[in-house]
Amino acid sequence: MGGLPERWDLEVEVVCVGSGLGSITAALVAHDRGKKVAVLEKSPKLGGLCGYGGGEVFCPNGPHMKDIGQDDSDEAAEQYFDFLGGGYQDPALAAKLRATYREAIAWTEKEAGVKWEAVKGLDDYYYPDAPGSGTGRYLAVDIFDGATLGEWQQKTWAVSPHFPPAATHKEMYAWGGLANVTKWDYELLGQRIATDQRTFGPGMMGWFVKAAVVDRDIDAHVETPVRELVSDESGRVVGVRAERDGADFFVKAADGVILGIGGYDHNPKMATMYEEMHEWNSATQPYFHGDAIVMGGEIGADIASVPPTNLAMFYGYNIPGEEHDGVPLWRSSWECGCPHAIWVNGRGERFCDESFYKDYQPRIRQLDGRTQSHENRDVYLIIDGNYRERYPLGSFMPGMEIPEELAKKADTPRELAEKLGIPADAFEKTLERFNQFAEKGEDPDFDAGHFPWSNRLAGDPSYPNPNLGVVNKAPFYGVKLSPVGVGINSHGLRTNGDGQVVHVRGHAIPGLYAVGLSACILDLGGSYQSGTSNMRAITWGYIAGRHVAGG
Amino acid sequence: MAEVEYSTTAKLPVETIWDFVKEIDNWAPFVTGYQSHEKENENDSVWLLKGDVGAMTRTLKFRVHITEWAGPERVTFEMEGLNEMMEGGGVFQMLAWEDGADAEAAPAPVRHNWLQRLGLAILRFFFRLFRGRAERADSADAGPGEGMARLTFTLRMDPGGPMGPMINAMIKPAMLVAAEDLGNRIIGHLEQEGGAAASN
């Protein structure tokens with residue numbers, strides 16, 4: 001947008017903006033094809049949203065599935081991707097993604113040294129109902145040794161507040177899942193944390209960041225937000241205006257700029273408008289402000305979208321006093337995957353399968369056209385004495401008192417309803433009906449516990465229905481919940497099959513690429529499941545990195 | 001249980017340090033993450049601190065009970081978490097650090113092997129990169145001599161519950177810095193005051 005600067009502070013061939021999976025993969029590929037690359041990151045740490053996430057990569061019919069004795073097929077994968085897309089995917093982008101993801105992931109293993117392994121027994125969200133759905137399709141990384149990052153060790157995320165620190169996927173499930181979290185091997189985890197052994201998203205990004213800034217010595221700058229794209233007279237993007245130590249920092253990109261800076265979870269205006277949900281809270285680090293949309297929009301980039309209804313949004317809460325990077329830490333609530341827990345809305349009624357977020361997510365946005373209200377926007381997690389004897393609430397282990405600011409506590413359901421300000425008669429009826437079903441391990445109203453994915457993740461395997469248990473023992477607790485985003489946004493820059501950003505008039509903008517969540521998820525379409533976001537980040541990073549380096 | 005110890009030296013009489021330390025209000029704001037404190041009586045106080053636990057910051061509420069005011073040499077205290085399963089305690093030890101002082105005069109240090117010491121030093125170094133360093137005069141590393149004192153601060157914390165061993169590992173880097181900062185800030189403040197007084 002701005003004119004060419006009088007001088008460049010740094011001159012490279014490829015500038016990768018952001019340091020998540022998409023951007024770092026592009027940096028690795030472009031570097032290995034002979035390009036001089038710089039990575040500019042807004043936050044104090046490298047890794048992006050991926051460095052805070054679950055670190056799962058969805059890879060149907062991938063080569064590691066044979067390691068765990070799992071069969072799959074391209075046909076099944078196609079069917080399942082079609083199911084996820086719901087008709088909202090761009091056929092050309094979907095085809096390119098599906099044709100390339102295994103090649104891209106294999107490249108990260110062979111050339112970048114990332115150690116992947118398949119997660120045995122972890123099912124697709126919609127398995128076994130959806131056509132082509134399967135199990136064992138996720139990849140996760142082997143444990144990463146943070147010390148190998150050298151000077152970058154403290155400039156990357158070692159743990160995420162949203163995932164068990166230092167535990168592997170395999171261990172998490174072998175130890176009984178989240179419902180059995182009080183009985184995990186914390187001696188082992190303590191030893192690993194003390195020696196900075198990383199898993200989940202922090203572990204995954206450890207491998208990628210090491211490959212880039214340690215093994216290849218790619219030039220990387222943290223706390224260097226890019227504010228503006230710099231174009232020449234022809235409209236070609238030839239660099240960026242970043243900010244460093246409060247001053248402009250112009251970086252020339254002779255071959256191209258790759259935007260991999262996520263979405264807009266921390267831009268309230270965009271989040272409200274694009275995600276169709278006001279008062280948006282986010283579990284992500286506070287560095288995602290829609291910069292890709294702003295900078296791309298300034299030079300005519302097309303903003304594309306898929307429906308926000310069924311991507312990834314949860315109910316969650318903030319424990320008073322908990323922060324990360326100076327802002328309140330919003331946790332997504334997994335408690336309702338455990339038995340002895342339900343959600344009720346302001347009418348004191350259940351409204352969803354609480355154990356399966358894909359079921360409740362569209363209902364969060366449900367608008368009552370007569371009253372202009374989102375009747376399920378603010379809901380309450382209800383747990384009882386049975387729950388508190390067995391499971392944690394956030395960081396509050398069984399036996400710990402839950403602070404009044406987080407949870408109302410009462411001896412009877414009626415008293416709890418009055419404290420929460422919901423209709424007591426309706427709430428009592430809701431509990432009575434639910435308990436009749438839960439005694440039998442059934443839920444004819446909402447079918448909670450139907451999906452194996454829900455059973456596995458947060459359910460208690462010692463129950464006939466791992467996601468169901470009566471709520472009938474005092475004391476009763478009620479926690480107010482609000483919608484919480486996790487950075488998987490519905491809007492982003494429109495891109496083509498080479499990862500180039502597309503102008504509103506339909507042509508590619510020369511010199512500009514978008515990857516990861518900066519690129520609209522038209523390749524997937526109208527739904528999402530764990531691991532797809534990481535998979536597409538790697539894939540488009542690989543594609544864009546090759547293209548910017550000459551194909 | 002996580003336990004850390006930090007020792008520093010100062011060109012100050014132990015009595016001067018004691019006069020400052022014996023009044024909690026004097027040094028409370030020097031505690032890392034300090035938010036507020038409320039004295040209930042001479043020995044008991046309730047503190048609000050912000051502390052780093054892994055990737056997040058939590059507001060921790062502690063009751064601190066002084067078990068021994070042994071001026072001018074020692075203050076011993078115990079801590080109990082009011083909103084976390086956490087217990088702990090510590091000792092401030094202030095000793096004259098004259099020529100000829102031997103190791104026996106100093107409090108027994110927490111013993112670490114060379115690998116642990118290296119690990120702790122690295123942790124401290126990196127934590128510092130992001131938290132900044134408490135200002136201190138050159139005398140921090142001085143040896144024994146006339147008018148010198150040695151301040152040693154030992155802090156132990158024992159997170160309870162099943163996750164205790166994991167929490168231990170997460171809070172230890174912050175504890176190291178907290179112990180170091182408190183010692184340095186107290187001495188730095190007194191040295192500055194002493195310098196100001198001398199120049200008046």
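It should be emphasised that the depicted structure is a prediction, and the values quoted were computed from it without experimental measurement. In what follows, every chain begins at residue 1, and chains take the letters A, B, ... in the order their sequences are listed.
A 6.0 Å sphere centred on CG of A:Asp245 holds no more than 12 heavy atoms belonging to other residues, nucleotides or ligands. Enclosure of atom CD in B:Glu38 is not indicated, since only 12 or fewer non-hydrogen atoms of other residues, nucleotides or ligands lie within 6.0 angstrom. Sparse packing is recorded around CD of B:Glu87, with 12 or fewer heavy atoms of other residues, nucleotides or ligands lying under 6.0 Å away.
Of all the heavy atoms in B:Pro162 and A:Thr182, the pair that sits closest is CB-O, 3.1 Å. A pairwise comparison of heavy atoms in B:Ala169 and A:Ala194 identifies CB-N, 3.9 Å as the closest pair. When every heavy atom of B:Ala55 is checked against every heavy atom of A:His324, the shortest pair comes out as O-CB, 3.8 Å.
Atoms CD1 and CG, on A:Ile319 and B:Asn83 in that order, are 10.5 Å from each other to the nearest 0.5 Å. Once rounded to the nearest 0.5 Å, the distance linking CD1 of B:Ile167 with CD1 of A:Ile193 reads 7.5 Å.
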Exercise. When you look at A:Val181 and B:Met163, which way does the side-chain contact (heavy atoms from CB on, under 4.5 Å) test go after all the steps?
Worked result: CA-CA 9 Å; A:Val181 73; B:Met163 290 185 178; 3.9 Å; yes
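In terms of heavy-atom pairs under 4.5 Å with chain B, the best-connected choice from A:Pro403, A:Ser395, A:Gly399 is A:Ser395. Options A:Met400, A:Glu401, A:Gln191, A:Arg192 differ in how many heavy-atom pairs under 4.5 Å they form with chain B, and the most are formed by A:Met400.
Residue B:Asn168 does not touch chain A at all, counting heavy-atom pairs closer than 4.5 Å.
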